Amino acid sequence: MSELRKLPFQLTNTLTRRKEEFVPAAPPHVGLYVCGPTVYSDVHLGNVRTFTMFDLLYRWLTHIGYKVRYVRNITDVGHLLGDAADGEDRISKGARAEKLEPMEVVQKYTNGFHAVMRQFNNLDPSIEPTATGHLIEQIGMVERILKSGYAYETNGSVYFDVPKFAAEQSYGELSGRKIDELLANTRGTEGQAEKRNPLDFAIWKNAEPEHLMKWPSPWGIGFPGWHLECSVMSTKYLGRTFDIHGGGMDLKFPHHECEIAQSVAADGQQPVRYWMHTNMLTVNGRKMSKSEGNGFTPEELVSGDHKLLERGYGPMTVRFFMLQCHYASTLDFSNEALQAAERGLERLMDALDRLDASKPGDRDDADIPGLEQRCYDAMNDDLNSPVMIAELFEAVRIVNSVHDGKQQLTSVSLERLRRLMRSMVYDVLGILPERATGDVDTVLDGLVQEFIRLRMEAKAKRDFATSDAIRDRLIGLGIQLKDTKDGTTWERV
RNA sequence: GGUCACGUGGCCGAGUGGCUAGGCAGAGGUCUGCAAAACCUCGUACAGCGGUUCGACUCCGCUCGUGACCUCCA
């Protein structure tokens with residue numbers, strides 16, 4: 001679009017550990033793959049953070065003119081549990097516990113996941129493939145890996161031969177692991193007798209009779225291994241080498257490392273051009289995780305019904321809070337921080353409303369093009385939303401000064417500022433106005449206006465007892481009056 | 001134990017070899033009949049100890065602290 005948007009977008013590639021200029025393989029098209037959730041339980045806030053950060057990436061790439069195909073999978077075959085010998089995966093375990101069909105478990109939590117994504121205003125991906133929908137392709141990939149010689153079959157299971165692969169190709173580059181250290185450092189091999197080496201991982205697993213989710217394959221009845229689905233689905237929809245692959249930091253090893261190995265073994269090429277990893281959400285300095293039990297669900301966050309929460313917070317407050325932190329930093333969750341975000345967001349949204357009511361002047365007291373440039377620079381610099389938001393608060397100050405009549409902007413600048421703020425807040429950050437100002441009841445507005453008139457009359461008679469009583473009673477009903485030079489406005493609080 | 005990060009003012013969080021991040025909270029002021037809102041001003045913060053440098057919060061080393069990964073997790 002404008003010349004601003006042609007600025008190079010810099011992205012930290014976690015494969016090279018450097019900030020690099022992002023150049024898609026086939027502009028203007030961009031292929032983006034993000035590891036989605038395993039749908040065997042409710043999503044927690046850490047997941048929401050990761051997906052919100054990739055939503056920001058998706059929105060930004062789209063905003064600067066790329067045509068993005070955004071693929072985010074649903075893992076509906078559970079990854080194997082730690083003890084591979086029991087042959088039971090997470091989905092099956094969830095099904096057993098709740099006495100449900102496995103696909104019923106999958107459907108339930110997929111629905112929940114979608115509801116949460118909508119609640120936090122994350123855009124839908126272009127394709128949301130499921131592992132169970134790609135069994136044939138997964139079997140095909142296992143066959144290709146076997147053919148290349150980097151896998152072996154034992155008792156109906158197929159394992160990836162990590163030491164052999166590491167000896168002939170490179171392994172561990174993404175996560176910075178060295179094969180010798182890994183070999184020296186592996187834990188007990190109890191229950192892993194089928195593997196030649198503890199580092200080997202299953203790409204196809206033989207299913208025990210009691211295992212619920214299983215499919216026929218050339219190696220017998222079984223189910224696909226942990227890491228295969230992402231390799232298969234990214235290849236299918238984005239090609240053997242695609243632009244950006246993302247996920248949480250905790251997936252770097254072994255998941256993403258294994259994906260690279262699988263793709264190289266099966267198809268002979270590096271699958272991903274830019275790797276991007278988001279950092280963890282912490283609570284009181286500790287990683288929010290399922291096993292720690294310190295995670296709350298989005299539902300609990302909104303309702304405030306959790307021992308760590310003083311009260312509930314709106315989804316947009318939470319989204320804004322997350323966006324005020326760079327994706328590669330850990331973000332610590334606390335009531336105090338959330339409340340600060342809430343107030344800040346309120347001020348930002350107030351300014352956005354106020355901008356619509358601002359009257360143009362005949363000179364420019366503020367440099368709007370400069371502000372716009374800094375917003376684009378910030379976002380182009382590795383998606384630096386915290387700095388972009390800081391610029392937005394500079395815009396808030398300008399808007400309020402103009403509103404107070406202390407500064408002026410011409411109609412051209414006012415319009416440019418309005419476009420900038422709207423596109424940054426609504427389109428790029430994906431913030432929705434939490435209170436629906438658009439559909440305020442006209443009857444309610446009429447009533448409040450009537451009270452405002454009564455209060456003005458009282459004030460004109462210097463009957464402040466009456467005027468204050470009107471104001472205070474309205475506050476009691478959740479309606480805040482604000483006196484300005486141009487009259488009184490109101491809003492819900 | 002191995003590998004890798006991080007440690008910024010009351011809180012959350014950017015950033016940088018020398019130039020104000022920003023938000024929230026707090027203090028003072030302007031406006032107002034009062035209040036709310038808004039605007040202006042204010043905190044000389046970068047874990048500790050050394051080193052490099054004209055100059056380091058920013059580079060290097062060590063120490064302390066915290067965390068992540070090494071096993072399922074975004």
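Given the structure is predicted, the values throughout are model-derived calculations rather than measurements. What you see below is based on every heavy atom in this structure, not just the backbone, and it leaves out hydrogens, waters and symmetry mates. Quick note on labels: first sequence line is chain A, next is B, and so on, each numbered from 1.
A:Asp180 and A:Lys178 are not joined by a salt bridge, as no carboxylate oxygen comes within less than 4.0 angstrom of a charged side-chain nitrogen. A salt bridge does not link A:Asp55 to A:Arg72: none of the charged side-chain nitrogens sits closer than 4.0 Å to a carboxylate oxygen. Between A:Arg354 and A:Asp356, no side-chain nitrogen of the basic residue sits less than 4.0 Å from a carboxylate oxygen of the acidic one, so the salt-bridge criterion is not met. A salt bridge links A:Glu342 and A:Arg311; the closest N-O separation between the charged side-chain nitrogens and carboxylate oxygens is under 4.0 Å. Contact check on A:Asp468 versus A:Arg455 returns no salt bridge, with no Lys/Arg side-chain nitrogen under 4.0 Å from an Asp/Glu carboxylate oxygen.
Under the side chain to side chain donor-acceptor pair (under 3.5 Å) test applied with A:Glu229, the options A:Thr132, A:Thr75, A:Thr130 reduce to a single match, A:Thr75.
Straight-line distance between the P atoms of B:rC46 and B:rC12: roughly 16 Å, to the nearest whole Å. Comparing B:rC42 with B:rC4, their P atoms are spaced 44 Å from each other, to the whole Å. Rounded to whole Å, the C1' atom of B:rU58 lies 14 Å from the corresponding atom of B:rC19. Between the P atoms of B:rC73 and B:rC11, the separation comes to 35 Å (whole Å). Nucleotides B:rC54 and B:rA27 have their C1' atoms positioned 38 Å apart, rounded to a whole Å. Using atom C1' as the reference point in both B:rU8 and B:rU52, the two lie 23 Å apart (nearest Å). Between the P atoms of B:rC40 and B:rG7, the separation comes to 31 Å (whole Å). Rounded to the nearest Å, the gap between the P atom of B:rU53 and that of B:rG48 is 22 Å.
Distances shorter than 4.0 Å separate none of the side-chain N or O atoms of A:Asn400 from OP1 or OP2 on B:rA38. Contact between the side-chain N/O atoms of A:Arg347 and the OP1/OP2 oxygens of B:rC24 is found at a separation under 4.0 Å. Between A:Arg17 and the phosphate of B:rC4, there is no side-chain N or O to OP1/OP2 separation shorter than 4.0 Å. Residue A:Asn384 places at least one side-chain N or O under 4.0 Å from the OP1 or OP2 atom of B:rG15.
In this structure, the CG atom of A:Leu183 is 15 Å from the P atom of B:rU3, given to the nearest Å. Distance, A:Leu281 CG to B:rA68 C1': 14 Å, rounded to whole Å. Atom pair A:Gln408:CD and B:rC39:C1' shows a separation of 16 Å (rounding to whole Å applied). Counting to the nearest Å, the P atom of B:rG33 and the CD atom of A:Glu457 are 18 Å from each other. The CZ atom of A:Arg343 sits 4 Å away from the P atom of B:rA25 (whole-angstrom rounding). We find that CG of A:Asn279 is positioned 8 Å from C1' of B:rA5, with the value rounded to whole Å. Counting to the nearest Å, the C1' atom of B:rC24 and the OH atom of A:Tyr313 are 12 Å from each other. As rounded to whole Å, 17 Å separates atom C1' of B:rG15 from atom CD of A:Glu394.
Contact annotation: side chain of A:Arg471 to base of B:rA35, donor-acceptor pair present below 3.5 Å. Between the base of B:rC4 and the side chain of A:Arg177 there is no donor-acceptor pair shorter than 3.5 Å. Applying the 3.5 Å distance criterion, the base of B:rG13 shares no donor-acceptor pair with the side chain of A:Asp332.
Listed candidates were B:rA14, B:rC73, B:rG2. Nearest to the side chain of A:Glu181 is B:rG2. Checked against B:rC24, B:rC73, B:rC69, the side chain of A:Ala340 finds its nearest nucleotide in B:rC24. Proximity note for A:Phe393 (side chain, C-beta onward) versus B:rG2, B:rG22, B:rA14: the nearest is B:rG22. In this structure, of B:rC40, B:rA21, B:rA74, it is B:rA21 that holds the atom nearest to the side chain of A:Val387. For A:Leu251, the listed nucleotide lying nearest its side chain is B:rA74; candidates were B:rC24, B:rA14, B:rA74. Taking the side chain of A:Ser401 as heavy atoms from C-beta on, and the options B:rC39, B:rU3, B:rC69, the nearest nucleotide is B:rC39. Taking the side chain of A:Gln324 as heavy atoms from C-beta on, and the options B:rC73, B:rG23, B:rC69, the nearest nucleotide is B:rG23.
Using a 4.0 Å heavy-atom distance criterion, A:Leu338 is classed as making no nucleic acid contact. Within the 4.0 angstrom heavy-atom criterion, base atoms lie near A:Ala390. A:Gly36 comes within contact range of the sugar-phosphate backbone alone, with a heavy-atom separation under 4.0 Å but no base atom that close. Residue-level contact check: A:Ser329 touches the backbone only, with heavy atoms under 4.0 Å from sugar-phosphate atoms and none from bases. Within 4.0 Å (heavy atoms only), A:Gly46 reaches at least one base atom of the nucleic acid. Contacts of A:His326 with the nucleic acid, taken as non-hydrogen atoms under 4.0 Å apart, involve only primed sugar atoms and P, OP1 or OP2. Using a 4.0 Å heavy-atom criterion, one finds that A:Lys459 contacts the bases of the nucleic acid, with or without backbone contacts as well. Using a 4.0 Å heavy-atom distance criterion, A:Phe321 is classed as a sugar-phosphate-only contact. A:Arg49 comes within 4.0 angstrom of nothing in the nucleic acid, heavy atoms only.
For A:Thr297 and A:His44, the side-chain atoms include no donor-acceptor pair closer than 3.5 Å. In this model, no donor atom of one side chain and acceptor atom of the other lie less than 3.5 Å apart for A:Tyr274 and A:Glu20. A donor-acceptor contact closer than 3.5 angstrom is absent between the side chains of A:His227 and A:His256.
In this entry B:rC42 has B:rG26 as its Watson-Crick or G-U wobble partner, both defining distances falling under 3.5 Å. When both distances must be under 3.5 Å, the Watson-Crick or G-U wobble mate of B:rA14 does not exist. Pair assignment for B:rC34: none, as no Watson-Crick or G-U wobble contacts are both less than 3.5 Å. When both distances must be under 3.5 Å, the Watson-Crick or G-U wobble mate of B:rU20 does not exist. The pairing partner recorded for B:rC64 is B:rG7, the criterion being a Watson-Crick or G-U wobble arrangement whose two distances lie under 3.5 angstrom.
Put simply, A:Phe464 rests on the base of B:rG33: the two rings are less than 5.5 Å apart at their centres and nearly parallel, under 30°.
The residue among A:Thr50 and A:Asp468 whose nearest nucleotide of RNA chain B is located toward the 5' end is A:Asp468. Summary of the strand contacts: A:Tyr327 and A:Thr278 both lie near RNA chain B, and taking for each the nucleotide with the nearest heavy atom, the more 5' one is attributed to A:Tyr327.
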